[in-house]
Number of protein chains: 2
Amino acid sequence: MAKETAKIAELDERKVKILTAVIRNYLETGEPVGSRTISKYTDLKLSSATIRNEMSDLEELGYIFQPHTSSGRIPTDKGYRFYVDNLMSEKEREIQEKEELIIEKADKLEAVLKQAAKLLATNTNYTALVSTPETHRNKLKFLQLSKVEKDSLLAVIVVEGNIIKNKMIHTEEEIDEDTILKLNLLLNTHLNGLSLEEINLGLITLLKERAGIHTEIVSSVIDAVADAIRADEDLEIYTSGATNMFKYPELMDSGKATDIINTFENKEELEKIVNASLAENNAGKNEMQVYIGKEMASPAMQDCSVVTATYDLGDGMRGTIGIVGPKRMDYEKAMGTMQSLMNQLDEIYKKK
Amino acid sequence: MAKETAKIAELDERKVKILTAVIRNYLETGEPVGSRTISKYTDLKLSSATIRNEMSDLEELGYIFQPHTSSGRIPTDKGYRFYVDNLMSEKEREIQEKEELIIEKADKLEAVLKQAAKLLATNTNYTALVSTPETHRNKLKFLQLSKVEKDSLLAVIVVEGNIIKNKMIHTEEEIDEDTILKLNLLLNTHLNGLSLEEINLGLITLLKERAGIHTEIVSSVIDAVADAIRADEDLEIYTSGATNMFKYPELMDSGKATDIINTFENKEELEKIVNASLAENNAGKNEMQVYIGKEMASPAMQDCSVVTATYDLGDGMRGTIGIVGPKRMDYEKAMGTMQSLMNQLDEIYKKK
DNA sequence: GATTAGCACTCATTCAAGTCGAGTGCTAAC
DNA sequence: GTTAGCACTCGACTTGAATGAGTGCTAATC
């Protein structure tokens, strides 16, 4: 990333113009682009022969390549990267915000996220990907045990951001109302206000000691509650418009579209993407990321690009939204639509 | 369905044998099957010429057809139907139960269902489909309002089968603990033990009257609770192994696989299948259904077959499990695997 | 020294013609 | 009723030529 300026120095102005032309053209058509096309397309009046020489240089520098001898050129990952980093800004600003996405205000977060994914997918013709927010840094806000039946308790847990967790707890013998009251008091005084990740094994054993007499049943209940709190990261990832991948011949024909869609069913692979994005955003400013081809952690995705962003609903609820498309995806449009969606999410949740 | 006996009468024993041979062969290969193949494959020693005549008859009767002049025959929907209804029983019994699926006992129903779907998909190489159980006939078991913050209440609702629903309710002004206590009492005495569908608008207005003084806020809370109870059918449908559809050339090549996978993203279409199955099982005995081609409500699915079954976890929690495959799916295997899964679900939930 | 025109060469794509083989329907013989 | 034989159909595959987009290189031009 620090190489950006170096990269620009590597190319004189004319080379940049030609590279841009090649990429723009390829983004549109998906076909290799030849010197003749460029010589007409650009405003710089140059013959195809000159363009050929320049393109030859660009190939040597690794920005474009030929799929086979004597065919037009196609951008490499490096080419796309250069384009996204340096060449896009002007056009981007124009397009951005043109889109009008409308998210209905649903009161279930899950529903909102699913809708957001669908919206992205249908608007861009790529595949959208949305993760539920991570909550383990959120603080416990409310905790309550209630007796539902003779032998079963219900634990209800609310954390910041109004994420609600439930757990039914079966007990060997009936617990009397009095004990439940005490348990509630105990749990609340010790756990309330702590973040979920702070509620660890040590704390739990401490709690059990405090519980005093009722060791048998009570400790099992406390265990169950702890279980529910840490409920091994119920991260969900929704996708939408997976089959849009079929719309791009370069993926379809080579059979890679199938592989890609397959990995959309694979939570582990998706997590890689989500986590990469979250990590990058944790470190610094809240911006969009673009991962191109091999930059992606997931091997099956190396023929794609992904535009990701981190949404922040306040109360530390952060998750990832992504748009997956072919490498020649319309980055401006994808990023524009994404931005517009983020703004809308912001608006909805800031007002609350 | 009442035509079954008629159907048998329509075909003499030899025709049945030939039809069986055609279908079996086509199920295996996916290629049109010719007279010569049959003449060797079957035990009845007949020349290809005789077979040809018989096949010609079978075509006239609508059990098989030629994709183009002078090519082998392929079963029609009617052919498959005949096969499933009359010809399968012997082989089915042998195969059934061979499979050993192992569902880990998870305590979240959702997790169990997802796992079941995955299991079915990987075992059969088809696409699996699982719906969450319907709950509107279930009875309300527990209802509690709690104050989580100054201006927000949490409603927790438990229905038979330990399905838990939550709803955060924001209030304009703070509600004091006393009122909440009264509300809880009121709601529980009137609603407890009723099935969700019995809690209708009339009952709700009645409740509001009983509430007395606090009309303003209280009624809005009651509304919210009613909302949560009726939470417009939070039916979920999970799919697994959607991309298995790509494994079958007859779907892949014609591009229909894409359409089919598309409809897997479409909840409405899936609901059609689920509901059809539930309806049929509501009426009668608990058996597996097979829908072949046009018998399916969903138009995009007319090149598939679906094997469905209704699971019953007790407490009136019934949902649908389905296996979607090409028409030439291995019905025995699909039904066998399904049966084995159902047995296992039974075991897990009967023991509880 | 940079640019251009011209030319030979490469290589994927397209299309028609030809071959092959699986399969059928029909007729005549068994 | 069954079978053998034969002409015919039609998709699948192969081949080879034509096409055309595109390149690299060289020599002429600015």
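Proteins get letters first, then strands, A, B, ... in listed order; numbering begins at 1 in each. What's counted below: heavy atoms across the whole structure, side chains too, no hydrogens, waters or symmetry copies.
Near-neighbour residues of DNA chain C inside residues 45-54 of chain B, defined by a heavy atom below 4.0 Å, number-ordered: R52(B).
In terms of phosphate contacts, R73(A) brings a side-chain nitrogen or oxygen within less than 4.0 Å of OP1 or OP2 of dT23(D).
In this structure, NE2 of H68(A) is placed 10 Å from P of dG22(D), rounded to the nearest angstrom. For the pair E13(B) CD and dG1(D) P, the interatomic distance rounds to 17 Å; values are reported in whole Å. With rounding to whole Å, D253(A) atom CG is found 16 Å from dA12(C) atom P. Nucleotide dG23(C) holds its P atom 10 Å from the NZ atom of K40(B), rounded to whole Å. The distance between atom CE of M55(A) and atom P of dG24(D), rounded to the nearest whole Å, is 8 Å. Taking atom CZ of R36(A) as the reference point, atom P of dG6(C) lies 12 Å away to the nearest angstrom. In this structure, the CD1 atom of I18(A) is 12 Å from the P atom of dT23(D), given to the nearest Å. Here the P atom of nucleotide dA22(C) and the CD atom of E31(B) are 12 Å apart, to the nearest Å.
Checking side-chain atoms of E269(A) against main-chain N and O of F264(A) turns up no donor-acceptor pair under 3.5 Å. With hydrogens and angles disregarded, no donor-acceptor distance shorter than 3.5 Å links the side chain of K17(A) to the backbone of D12(A). Judged by distance alone, the side chain of S39(B) and the main-chain N or O of S35(B) form no donor-acceptor pair under 3.5 Å. Remark: the backbone N or O of L46(A) is not paired with any side-chain donor or acceptor of T50(A) at under 3.5 angstrom. In this structure, T76(A) contributes its side chain and Y63(A) its backbone to a donor-acceptor pair below 3.5 Å.
For the side chain to side chain contact (heavy atoms under 4.5 Å, CB included) test, residues two or more places apart in sequence or in another chain that qualify with R328(B) are Y26(B), L27(B), Y80(B), Y248(B), P249(B), E250(B), P326(B). Listed by chain and number, the residues in a side chain to side chain contact (heavy atoms under 4.5 Å, CB included) with S277(A) are N281(A), Q289(A), Y291(A), T308(A), T310(A), T320(A) (sequence neighbours excluded).
Side chains of Y83(B) and R24(B): a donor-acceptor N/O pair is present below 3.5 angstrom, by distance only. For N262(B) and T243(A), the side-chain atoms include at least one donor-acceptor pair closer than 3.5 Å.
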Would you list the protein and nucleotides 28-30 of chain D atom pairs, both N or O, that sit under 3.5 Å from each other?
none

I'd like a list of close polar pairs between nucleotides 8-10 of chain C and the protein, N/O only, cut-off under 3.5 Å.
unit_1, atom_1, unit_2, atom_2, d
dT10(C), O2, S70(A), OG, 2.6

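Pairs passing the salt bridge (Lys or Arg N to Asp or Glu O under 4.0 Å) check and including a residue from residues 36-47 of chain A, sequence neighbours excluded, do not occur.
Here D77(B) does not pair with R81(B) in a salt bridge; the nearest charged N to carboxylate O distance is not below 4.0 Å.
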